[in-house]
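Reminder, nothing fancy here: chain letters follow the sequence lines and each chain counts from 1. What's counted below: heavy atoms across the whole structure, side chains too, no hydrogens, waters or symmetry copies.
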Amino acid sequence: MNNIAIQIKTRIPNSIKPSETPVSRANRPELLHLRLLKRCTHLIQFKQIHTHFLKKPSDPKDVLLTKLVESLVNSTYIDYAYRVFKQMDEPTTFVFNTLVRGYAISGFFNEGINLYIEMRYQEVEPDKFTYPFLLKACTAFNQGKVVHSLILKSAPFLASNIYCQTSLVSFYSSYGHLEYSRSVFDRMPDRNMVSWTAMITGYVKQKEYKEGLALFHQMQIEGIKINEMTLASVLSACAHLGAYEMGKWVHTYIDRNRVFLNPTLGTALIDMYSKCGYINKASQVFETLPLRSVCTWNSIIGGLAVHGCGEEALQRFNQMQKSDTIPDEITVIGVLSACTHSGFVEKGMELFYSMQRDYGIEPSIKHYGCLVDLLGRAGRLKEAYEIVKIMPIKPNGVVWGTLLDVCGTHGNVELAETAMKWLIELEPSNDGNYVLMSNIYAANGQWDKVAEMRRFIKNKSILKTPGCSSIEVNNVMHEFMVGDSRHPRSKEIYSMLDDLAKRLKVAGYVPKISQVLLDATEEDKR
DNA sequence: ATAGGGTTAG
């Protein structure tokens, strides 16, 4: 840590004591400063060089200060970088850009935006680097729109810059405005792999998985190169859709083209197999990965958890800690979920109450949600309700919904009603809650309450989300809704379903109809 | 010096 200070003292004594020997050509202090700057990691080292430089500044002064600002920003010492910046005679576009970037990556978004304003006041011209950085400092849709108009109005020569445009595509999609992303994307004169990937990722992040995959297919038709980032997004779409064939195709592509399975792509692949129901394949991929990140571990642990492989999930958790990977809050959610799905109640509680001490992770509302589920599914409804009552974070709809769900499983109508009261406040238009409550009444034979519930739903005009499922055939995703007749071969499909139902009946399969809403005919329930 | 990536409780 003090190496650099020692080096300054031993290697350039002439500038510490200026009266001694004259500076030789081979020992020019400004070059030494620059060389030493590259090796700085701690703030104190930067300060030493800075102080040393100020005592005997070499010309031009701004050259070293610029380098110093850049190094400080890259080491996230943003406040000190600003102090150095203030000492400059004529800050350049580069320095302003660097500071805007520094503020944006350090989370001081307003400071970043203010610095851009300062830049324009001082009549320093923005360049092609300025706006991608400025967009990183934007924290609201409207701010990004302003930046977009700034580009169009005050820097029209940048409007067709691929970096600025890709930044806009990605900015708009992260604020949920895919139509804006798409309009920028469609107007781009040149699109490369990065811009296509940004647009695909935009769709995937906004849960428009089918559109994301469609764009990926188009990207391939147009012969654009793809890389591991593209494929990670595509696999995420496959995971959410359950598009197993497409996911397998990506895996084959990776193998055939020797795409490097970096931790991100590996994680996406594991998650795809796991969400498609192939937990063994997920484990296989996990084993073969050369590098794993905390997300990789989280994905396999969470996958094992929901597949009911609690023992294996706990083993992975131990293995993870032995491999010096620090668990994060998502890891804990995965492990708690493993305990829930395998009935390890005590183990789960132990983890919950020690997570702060052992891992420095403060329980979030999601962890409390897991705890309620853990106790509730095990039938310990009283304790689950106690947690909801005393938890330090205001319980949200998920927490009350969890409680409602476990009340259904264990037939506690009274507590279910309590949960429902809160859910009417917190999630008034979540139709699933009303259906669940109604089913709980039905299972308990309280048909009058079921009818009351139904009137309530009708009065509040709550729309039931249509049941929807999808299936992939020859790489095309087909969506089906309840009562759907949009498919060109829907008549054939329904007659096939009838046939299947008959054959299931013959085979002794009994559909679970006890909890179907209301007093429908036996036939409809089935 | 710039743009794009994976995992998260009912």
Side-chain angles (χ1 to χ4, degrees), chain A residues 66-67 69-70 73-74 93-95 97-98 100-102 127-136 158 161-171 173-174 188 191-202 204-205 226-236 239 261-272 274-275 292-303 305-306 328-334 336-337 340-341 363-374 376-377 395-409 419 423 427 430 432-433 436:
Chain A
T66 299
K67 281 285 170 195
V69 168
E70 189 188 0
V73 161
N74 291 338
T93 301
F94 176 87
V95 183
N97 288 348
T98 305
V100 172
R101 172 168 67 96
D127 65 7
K128 59 181 179 173
F129 295 95
T130 309
Y131 294 101
F133 294 149
L134 186 57
L135 276 168
K136 275 202 191 310
L158 296 177
N161 178 276
I162 195 162
Y163 288 91
C164 293
Q165 292 181 318
T166 306
S167 295
L168 283 167
V169 166
S170 159
F171 172 84
S173 76
S174 63
M188 290 177 75
R191 288 179 292 214
N192 60 14
M193 172 168 69
V194 181
S195 8
W196 280 85
T197 304
M199 195 64 234
I200 291 171
T201 306
V204 175
K205 273 197 290 199
I226 58 179
N227 69 357
E228 57 275 21
M229 291 197 186
T230 322
L231 294 175
S233 261
V234 169
L235 281 174
S236 169
L261 264 183
N262 66 20
T264 303
L265 184 54
T267 303
L269 192 57
I270 289 169
D271 199 54
M272 182 278 294
S274 154
K275 292 227 164 69
R292 297 158 185 164
S293 72
V294 61
C295 291
T296 319
W297 289 99
N298 291 349
S299 181
I300 194 68
I301 291 171
V306 296
D328 65 9
E329 77 266 19
I330 297 170
T331 318
V332 178
I333 290 170
L336 286 173
S337 158
T340 301
H341 292 274
S364 73
I365 188 145
K366 293 187 183 177
H367 298 109
Y368 279 98
C370 290
L371 184 60
V372 171
D373 200 24
L374 178 77
R377 282 198 204 212
N396 61 12
V398 178
V399 172
W400 286 113
T402 305
L403 198 63
L404 180 65
D405 190 48
V406 296
C407 285
T409 314
L423 284 166
E427 295 180 338
N430 184 338
N433 294 331
L436 204 53

(message) What's Arg377(A) touching, base or sugar-phosphate or nothing? Going by heavy atoms closer than 4.0 Å.
(response) sugar-phosphate
Side-chain donor/acceptor pairs under 3.5 Å, residues 192-201 of chain A, sequence neighbours excluded:
unit_1	atom_1	unit_2	atom_2	d
Asn192(A)	OD1	Val194(A)	N	3.0
Asn192(A)	OD1	Ser195(A)	N	3.0
Asn192(A)	OD1	Ser195(A)	OG	2.8
Ser195(A)	OG	Asn192(A)	N	2.8
Ser195(A)	OG	Asn192(A)	O	3.2
Thr197(A)	OG1	Met193(A)	O	2.7
Thr197(A)	OG1	Thr230(A)	OG1	3.0
Thr201(A)	OG1	Thr197(A)	O	2.7
Thr201(A)	OG1	Ser233(A)	OG	2.8

(message) Nearest 0.5 angstrom please: Met272(A) CE to Leu231(A) CG, how far?
(response) 11.0 Å
(request) Using a 4.0 Å heavy-atom cut-off across all strands, classify Ile365(A) as base, sugar-phosphate, or nothing. (result) base
(message) Check whether Ser299(A) reaches the backbone of Cys295(A) with its side chain - one donor and one acceptor, N or O, closer than 3.5 Å.
(response) no
(message) What contact category does Gly202(A) fall into here, base, sugar-phosphate, or nothing, at under 4.0 angstrom with non-hydrogen atoms?
(response) nothing
(message) Over all strands shown, is Thr296(A) touching base, sugar-phosphate only, or nothing at heavy-atom distances under 4.0 angstrom?
(response) base
(request) Could you check whether Ser337(A) gets within reach of a base, just the sugar-phosphate, or nothing at all, counting any heavy atom under 4.0 Å? (result) nothing
(message) Any base atoms under 4.0 Å from Met199(A), or only sugar-phosphate, or nothing? Heavy atoms, all strands.
(response) nothing
(request) Determine the contact category for Asn227(A): base if any of its heavy atoms lies under 4.0 Å from a base atom, sugar-phosphate if only primed atoms, P, OP1 or OP2 are that close, otherwise nothing. (result) base
(request) Report yes if the side chains of Asp405(A) and Leu436(A) come closer than 4.5 Å at any heavy-atom pair, otherwise no. (result) yes
(message) Under the rule for side chain to side chain contact (heavy atoms under 4.5 Å, CB included), what residues qualify as partners of Leu261(A), not counting sequence neighbours?
(response) Ile254(A), Leu265(A), Leu269(A), Leu289(A)
(message) Heavy atoms only, 4.0 Å cut-off, all strands: where does Thr130(A) land among base, sugar-phosphate and nothing?
(response) nothing
(request) Would you grab the first and last nucleotide of DNA chain B (5' to 3') that comes under 4.0 Å of any non-hydrogen atom in chain A? (result) dA1(B) to dG10(B)
(request) Remember a base hit wins even if backbone is also touched, and classify Asn192(A) as base, sugar-phosphate or nothing at under 4.0 Å, heavy atoms. (result) base
(message) With rounding to the nearest 0.5 angstrom, report the OH to CG distance, Tyr163(A) to Leu135(A).
(response) 15.5 Å
(message) For a quick check under 3.5 Å, do Thr296(A) and Ser293(A) share a side-chain donor-acceptor pair by atom type?
(response) yes
(message) Over all strands shown, is Asp127(A) touching base, sugar-phosphate only, or nothing at heavy-atom distances under 4.0 angstrom?
(response) base
(request) Quick one: label Lys205(A) by what it contacts on the DNA or RNA (base, sugar-phosphate, nothing), any heavy atom closer than 4.0 Å. (result) sugar-phosphate
(message) Under 4.0 Å, heavy atoms only, any strand: does Asp373(A) hit a base, just the sugar-phosphate, or nothing?
(response) sugar-phosphate
